[in-house]
Amino acid sequence: MKLITAIIKPFKLDEVREALSEIGIQGMTVTEVKGFGRQKGHTELYRGAEYTVDFLPKLRLEMAVSDHMVEQAIENLCAAAHTGKIGDGKIFVTPVEQAIRIRTGEYGESAL
Ligand SMILES: Nc1ncnc2c1ncn2[C@@H]1O[C@H](COP(=O)(O)OP(=O)(O)OP(=O)(O)O)[C@@H](O)[C@H]1O
């Protein structure tokens, strides 16, 4: 299992969620965050306004998925979150040691 963490532009959430549910991803955590990438010190458009501040509003999506779904998830995520403009975001993939569904006590992939 892997944890996919994606930082995306907030207005892309619906498109990204749709693109991921198409491939059967059943759970996701979304957090409002602020961040910066290489554009630090430069301007980025957010809801029509130009920001010159360092930290811009982003969404962090977290999904634990089976290993065999990782590549397809990244592909769909990239396609849906892409605008081609600065600040489109990042995807990080990290190993997940264990997952447990609290209600049933299921472990591993069946808990995803
Ligand atoms: N190295 C990093 N570690 C953690 N979070 C990061 C990192 N780089 C970027 N982020 C997060 O991703 C968001 C979007 O980054 P961004 O797309 O601007 O990266 P970039 O490397 O500058 O790429 P681009 O040139 O396309 O803008 C940032 O606001 C920040 O929240």
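In each ligand, atom 1 is the first atom listed, and ligand 1 is the first ligand listed.
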Exam field: side chain K9 to backbone K58, donor-acceptor pair closer than 3.5 Å:
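No, K9 side chain to K58 backbone: no donor-acceptor pair under 3.5 Å.
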
Where the side chain of S66 meets the backbone of H68, is there a donor-acceptor pair that is under 3.5 Å apart?
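Side chain of S66 to backbone of H68: no pair is present.
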
If you count every heavy atom of other residues, nucleotides or ligands that lies below 6.0 Å from Q98 atom CD, does the total exceed 12?
yes

Checking contacts here: is it the side chain or the backbone of F92 that comes within 4.0 Å of ligand 1, counting heavy atoms only? Could be both or neither.
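Just the side chain.
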
Are side-chain heavy atoms of D67 and K2 found at a separation under 4.5 Å?
yes

Decide whether an N or O pair under 3.5 Å exists between K58 and ligand 1.
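No, K58 has no N/O under 3.5 Å of an N/O on ligand 1.
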
Who gets closest to atom 14 (C) of ligand 1 by heavy atom: G35, G84, G89?
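Heavy atom nearest to atom 14 (C) of ligand 1 belongs to G89.
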
Among L56, I7, D88, the residue with a heavy atom nearest to atom 12 (O) of ligand 1 is I7

Which atoms of ligand 1 have any heavy atom of G87 under 4.0 Å away?
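Atoms satisfying the 4.0 Å criterion: 16 (P), 17 (O), 18 (O), 24 (P), 26 (O), 27 (O).
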
For the student: nearest non-hydrogen atoms of K34 and P57, plus distance:
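Minimum heavy-atom separation between K34 and P57: CG-CA, 4.3 Å.
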
